[in-house]
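For reference, the structure discussed in these notes is given below.
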2 protein chains.
Amino acid sequence: MPTDQLSKTFAALADPTRREILARLSSGAASVSEIAEPFDMTMPAISKHLKVLEKAGLVIRGKAAQWRPRKLNAEPMKGVSEWLENYRQHWEDRLDRFDAFLTDLQPDKYDDAGSTKKKEAKP
Amino acid sequence: MPTDQLSKTFAALADPTRREILARLSSGAASVSEIAEPFDMTMPAISKHLKVLEKAGLVIRGKAAQWRPRKLNAEPMKGVSEWLENYRQHWEDRLDRFDAFLTDLQPDKYDDAGSTKKKEAKP
DNA sequence: CGGTTATATAACTATATAGTTACATGCATG
DNA sequence: CATGCATGTAACTATATAGTTATATAACCG
């Protein structure tokens, strides 16, 4: 279980329930009961999901009477977004083709690694 | 273990070793041995990491003689990027303040959920 | 063919995760 | 101060993950 911030953030986001919780919180703070309401799951289960989100810094716990309202803190997502930018060119069409062009320039020893283009049979 | 694409992608990215592998592959395809070289880890361990990346669709396995070169496929990251966009406003300063402004407009029952601002004591 | 190289798989261990039920704590209020 | 609501924690189960060593497969090369 890696403990660096980026890994914790990715791990926290790797669950649909937790992503739904974040979506709920993106429109405002909510109590634990309110958060739990849409889910077919016991409160302790939700409580655990919230703890994961808190440890990743994606959610902040407040205090109001007997409530412990949770609030979204999207800041860690910034790190994810920045990390992703290193790869944007790889999934954007225009540059994908440019990448393919470069790859084709240097007939690499691994030019068959999942390429869609068929390799010429040796004559 | 959630099986939806987004969860698999996030989970695959939640490990520094796997992210390093992707970084390596971002500069071109590589054999498994080449991928494993920088790591203080046995080959089967790397092999397992590669399988996780493949199942998430982030890596494609090729075939060349006795090599099974891996190639980056960043396409699933597009989904991550798009999902993240829903939250960008929350981490960008300008809109964070706008959000705080809106929150302050409607004195919410949960307005103390981790807010930095002190609530007025009831007179 | 037989050895070497590259990679994959099996079997095992340790730890983490996601859920459960049962119980404990804390605060507000009649 | 006793009761009830909101939440948290403990203890337990089942499954998944990350690593190991040992073994298997597969292709090339002399």
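Every chain is numbered from 1 and lettered A, B, ... according to where its sequence line falls, protein lines coming before strand lines.
A 4.5 Å side-chain heavy-atom check between A/Gln89 and B/Ser26 finds every atom pair outside the cut-off. The closest side-chain heavy-atom distance from A/Glu82 to A/Glu85 is not below 4.5 Å. Residues B/Val80 and A/Tyr87 have side chains not in contact (no heavy-atom distance under 4.5 Å, counting atoms from C-beta outward). Looking only at side-chain heavy atoms (C-beta outward), A/Arg68 and A/Leu50 stay at 4.5 Å or farther from each other. You'll find the side chain of B/Asp4 reaches within 4.5 Å of the side chain of A/Pro16, heavy atoms only. Looking at A/Met41 and A/His49, their side chains come closer than 4.5 Å, going by heavy atoms from C-beta outward.
Between the CH2 atom of B/Trp67 and the C1' atom of C/dT4 there is a distance of 12 Å, rounded to whole Å. Rounding to whole angstrom units, CD of residue A/Glu37 and C1' of D/dA6 are separated by 15 Å. A straight line from CZ of B/Arg61 to C1' of D/dA26 spans 12 Å, rounded to a whole angstrom. Look at CD1 on B/Ile46: it is 16 Å from C1' on C/dT9, rounded to the nearest Å. Straight-line distance from the NZ atom of A/Lys55 to the C1' atom of D/dG8: 13 Å, rounded to whole Å.
Ring-plane geometry between B/Phe10 and A/Phe10 is classed as tilted, the angle between the planes lying from 30 to 60 degrees on a 0 to 90 degree scale.
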At a cut-off of 3.5 Å, list every protein nitrogen or oxygen paired with a nitrogen or oxygen from nucleotides 15-21 of chain C, distance to 0.1 Å.
unit_1, atom_1, unit_2, atom_2, d
C/dA18, OP1, A/Arg18, NH1, 3.4
C/dA18, OP1, A/Arg18, NH2, 3.2
C/dA18, OP2, A/Arg18, NH1, 3.1
C/dG19, OP2, A/His49, NE2, 2.2
C/dG19, N7, A/Lys48, NZ, 3.1
C/dG19, O6, A/Lys48, NZ, 2.2
C/dT20, OP2, A/Thr42, N, 3.2
C/dT20, OP2, A/Thr42, OG1, 2.5

List, with names and distances, any nitrogen or oxygen atoms from the protein found under 3.5 Å away from nitrogen or oxygen atoms belonging to nucleotides 24-30 of chain C.
none

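Heavy atoms only, all atoms of each residue included: B/Leu84 and B/Trp91 are closest at O-CZ3, 3.8 Å.
For C/dA6, the OP1/OP2 oxygens have no side-chain nitrogen or oxygen of B/Ser33 closer than 4.0 Å.
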